[in-house]
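Just so you know, these numbers use all the heavy atoms, side chains as well, and skip hydrogens, waters and symmetry mates. Each chain gets a letter, A, B and so on, in the order the sequences are listed, and its residues count up from 1.
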2 protein chains.
Amino acid sequence: MITITDVAKHAGLSRATVSRVINNRPYVSEEKKKLVRNAMDKLGYYPNSSAQRLRNQKTNIIGVLVPRLTNPFFINIIEGIEKIAAESGLQLLICQTKSDKQKELNYFTLLRTKQVDGIILTSLENDWEQFSPYVDYGPVILCNEYYENATVPMIRLNQYEGSYIGARHLIDRGHRKIGYCGGGSTSGLSKDRKRGLKKALEEAGLSLNPNWIFHKRYSIEDGRELMKEITAMEDRPTAIFTNSDEVAAGIIKESKELGLKVPDDLAVIGFDNQPIAELIEPRLTTIDQPSEEIGEKAMETMVAVLNQQKIDTNLKGLNLKLIVRDST
Amino acid sequence: MITITDVAKHAGLSRATVSRVINNRPYVSEEKKKLVRNAMDKLGYYPNSSAQRLRNQKTNIIGVLVPRLTNPFFINIIEGIEKIAAESGLQLLICQTKSDKQKELNYFTLLRTKQVDGIILTSLENDWEQFSPYVDYGPVILCNEYYENATVPMIRLNQYEGSYIGARHLIDRGHRKIGYCGGGSTSGLSKDRKRGLKKALEEAGLSLNPNWIFHKRYSIEDGRELMKEITAMEDRPTAIFTNSDEVAAGIIKESKELGLKVPDDLAVIGFDNQPIAELIEPRLTTIDQPSEEIGEKAMETMVAVLNQQKIDTNLKGLNLKLIVRDST
DNA sequence: ACGATTTCTGAAAACGATTACAATTATGAT
DNA sequence: ATCATAATTGTAATCGTTTTCAGAAATCGT
């Protein structure tokens, strides 16, 4: 392997001078700069990043925790994060938690072993109390998800509002028996979605039937299973409010297979406005989230924190929007 | 930050002994082991991985190059890769090339700066000649994609065969005017898919109309655009063979919007058997690929190469399978 | 009991970069 | 011409590990 020492020797200079050239430090004469550059080119030198990281005590890598890569919503967030990361010369270490509590927590050793300079969380399985001991070891930022009591920057949308407008839409369409399929975790997002729904129901003089609350459903397959469960009930909801377009798509698909009409027999509303929402028939009514934008904002915040600048987590202009299509 | 020196001091021993305990080296008495473990626990010590990497001259990270994370096919491959990586204590650095030649090439500096121990390529934009200079800097493995003349391990399926059976299916359904939408790169996969189609056509006394060959279409949106182009033609194909389910889905969606019936007015066959293939209507006829399995095999091969064991890239039992649904 | 192994432990030298500091030379002001 | 200041370069320490080497202690075989 070619090291900085080789370059120095070849250029007839010291390592220090070579290092200055690499890092665009001042106080190097043009003449020597040229010598160094020639030597680097000739030898095909690339600095060893482990050595740089050890010496500089930073990695320029940010860990990004997502539940599963199969969910386009999180890919969009990553897209936004990556855009800003690239602009700032940072790399991403993308980590799948598979919605597993322990896995999620384990990724925090990345911070302790100095493999990453910071962590962005896009979903939450554990309670805030589990995370809080780790914030001493490097910046942690919540993107999309949030806690009420967390002490780290949170890039979040008004999920309460989003959920409320979705629920209102169902009520306006005349539904009185509305089911809910949500995460069921203790995160602010999860709670707020349920709260928004409840609020809309209350306003209409309705309440949430505990039999129609479903948790921990994420995939298309989960949606299909859920639909089978609903069909088996004697008292069924006429509309269902879901936490993701994938689950909603699964419900629609299975409904059709079971000979039920969407939205007449069952109205379905999704969340996220993924490509699949346009593709499936009937096209899915859903709640659009500016996912890429919150990813960008999260990474901008991370960059600010790393540079010890003051941060601004204000997200005005970014709203959840109801997209009415044919499934409601 | 707590270092190994702190632990050594706290335990009243040398750094060497602590290191031996960390790495399960022999020749440490039980007594001292306990002292070290206690000290590590008490101080909350985690080894600094930059230092370990510098010293050990390896990172235990493998770079995985994919075109775009939005394509579930590649996510499946990653899934397989990750499974084996986890078993072997390796981490993944996932890199999106966005199907950009330069970007793809740039990621090879990861190898030169020793940020990764090896690279797995799942798609190819450049010619093999562009890559070959880099193979000196660390193991490179091709997964899914391949070249005829490459000198690195290739985990590949018989795309020629897969393409052939797909084309045969269309011909058996009575189609004589068959269009092709493929990658159009110089990779073996791309060439073989075209070859397989041509072979089937020739056997039926047909040939591939150059007007009906389309390249560089990847997304649902690309599919929709493509469909508009086709509709604008005066002499249109009656069937189209695509390179991915996403493009195929876009074609189907747009067809319906344009008032065309699939498969009657236009038959469409996809590739990959993604979830979307089941969801869209008409359900998509497609060619299933054991994507997770080839990911696993690729990582197994990488592990073998890193350990200098002899490798076996045989993939028998893993085949491309035609899945007939309703779009043909 | 005595030499030959084997087990245990620490001192010190790596790994490849960056940087504080000192030494030297060049430039500028008077 | 002289002194103050700025620009240029190198020496050596440092980041936090692992490992070679050597020495000390324990164990073994006879």
Side-chain angles (χ1 to χ4, degrees), chain A residues 1-37 39-40 43-61 89 109-117 137-138, chain B residues 1-37 39-40 43-61 89 109-117 137-138:
Chain A
M1 150 166 238
I2 311 287
T3 72
I4 199 171
T5 311
D6 300 323
V7 177
K9 277 203 189 115
H10 193 273
L13 294 164
S14 73
R15 299 206 299 272
T17 305
V18 177
S19 175
R20 290 195 188 99
V21 174
I22 296 171
N23 298 291
N24 290 312
R25 287 274 128 73
Y27 303 140
V28 182
S29 66
E30 276 308 319
E31 180 202 4
K32 314 279 160 161
K33 262 187 201 162
K34 221 161 269 169
L35 279 173
V36 170
R37 296 231 171 85
M40 293 202 299
L43 298 175
Y45 168 73
Y46 282 80
N48 180 306
S49 44
S50 301
Q52 289 183 313
R53 285 174 187 162
L54 173 58
R55 175 62 221 218
N56 296 331
Q57 298 284 55
K58 62 174 183 166
T59 62
N60 293 322
I61 300 183
T109 58
L110 291 173
L111 222 41
R112 310 204 54 172
T113 59
K114 306 280 178 211
Q115 283 192 75
V116 299
D117 292 339
Y137 301 105
Chain B
M1 147 166 242
I2 310 287
T3 71
I4 199 172
T5 310
D6 300 324
V7 177
K9 277 203 190 113
H10 194 273
L13 294 163
S14 72
R15 299 205 299 270
T17 305
V18 177
S19 176
R20 289 194 187 98
V21 174
I22 296 172
N23 298 291
N24 290 312
R25 287 273 127 73
Y27 302 140
V28 182
S29 66
E30 276 309 319
E31 180 202 2
K32 313 278 160 161
K33 264 188 202 163
K34 221 161 268 170
L35 279 173
V36 170
R37 297 230 171 85
M40 294 202 297
L43 299 175
Y45 168 74
Y46 282 79
N48 179 307
S49 45
S50 301
Q52 290 183 312
R53 284 172 189 164
L54 175 59
R55 173 65 221 217
N56 296 331
Q57 299 283 58
K58 61 175 187 165
T59 62
N60 292 324
I61 299 184
T109 59
L110 291 173
L111 222 41
R112 309 204 53 172
T113 59
K114 307 278 178 211
Q115 284 194 72
V116 299
D117 292 340
Y137 301 105

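- Taking atom CD1 of residue A:Ile4 and atom P of nucleotide C:dT19, one finds them 11 Å apart after rounding to whole Å.
- Between the C1' atom of C:dA17 and the CD atom of B:Gln115 lies a distance of 14 Å, rounded to the nearest Å.
- Taken over five-pair windows at either terminus, the axes of the helix from C:dA1-D:dT30 to C:dT30-D:dA1 are inclined to one another by 30° (rounded to 10 degrees).
- B:Ser19 has a side-chain polar atom (N or O) that falls below the 4.0 Å cut-off from OP1 or OP2 of D:dT18.
- If you take CZ of A:Arg112 and P of D:dG16, they are 15 Å apart, rounded to a whole angstrom.
- When the side-chain nitrogen and oxygen atoms of B:Gln52 are compared with OP1 and OP2 of D:dT18, one or more of them lie within a distance under 4.0 Å.
- Residue A:Gln57 places at least one side-chain N or O under 4.0 Å from the OP1 or OP2 atom of D:dG16.
- Looking at every heavy atom in both residues, B:Val28 comes nearest to B:Lys32 through CG1-CB, 4.1 Å.
- Counting to the nearest Å, the C1' atom of D:dG16 and the CD1 atom of B:Ile22 are 10 Å from each other.
- Between the side chains of B:Gln115 and A:Arg53, at least one donor-acceptor pair of N or O atoms lies under 3.5 Å.
- B:Asp117 contributes no side-chain N or O that, together with a main-chain N or O of B:Lys58, makes up a donor-acceptor pair within less than 3.5 Å.
- Summarising the geometry of B:Tyr46 relative to A:Thr109, their closest heavy-atom pair is CE2-CG2, 4.0 Å, with the distance given to 0.1 Å.
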Check: protein-nucleotides 9-11 of chain D nitrogen or oxygen pairs below 3.5 Å:
residue: D:dT9; atom: OP1; partner: A:Ser29; partner atom: OG; Å: 3.1
residue: D:dT9; atom: OP1; partner: A:Lys32; partner atom: NZ; Å: 3.4
residue: D:dT9; atom: OP2; partner: A:Ser29; partner atom: N; Å: 2.9
residue: D:dT9; atom: OP2; partner: A:Ser29; partner atom: OG; Å: 3.1
residue: D:dG10; atom: OP2; partner: A:Ser14; partner atom: N; Å: 2.9
residue: D:dG10; atom: OP2; partner: A:Ser14; partner atom: OG; Å: 3.0
residue: D:dG10; atom: OP2; partner: A:Thr17; partner atom: OG1; Å: 2.8
residue: D:dG10; atom: O6; partner: A:Arg20; partner atom: NH2; Å: 2.5

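- Expressed to the nearest 0.5 Å, how far OG of B:Ser19 lies from CG of B:Leu13 amounts to 12.5 Å.
- Screening B:Val21, B:Ile22, B:Val18 for a side-chain contact (heavy atoms from CB on, under 4.5 Å) involving B:Arg37 leaves a single residue, B:Val21.
- Atom CG in A:Leu54 sits roughly 10 Å away from atom C1' in C:dT18 (whole-Å rounding).
- At a cut-off of 3.5 angstrom, counting only N and O atoms as typed in the model, there is no donor on one side facing an acceptor on the other between the side-chain of B:Arg55 and the base of D:dT17.
- In this structure, A:Arg25 places its CZ atom 18 Å from C1' of D:dA6, rounding to the nearest Å.
- When all heavy atoms are compared, the tightest approach of A:Ala8 to A:Ser14 is CB-C, 3.7 Å.
- Closest approach of B:Arg112 to A:Gly44, counting heavy atoms only: NH2-O, 3.1 Å.
- A donor-acceptor pair under 3.5 Å is absent between the side-chain atoms of A:Asn23 and the main chain of A:Arg25, judged by distance alone.
- With rounding to whole Å, B:Asn56 atom CG is found 6 Å from D:dT18 atom P.
- One atom, CG of B:Asn48, and another, P of C:dA17, lie 17 Å apart when rounded to the nearest Å.
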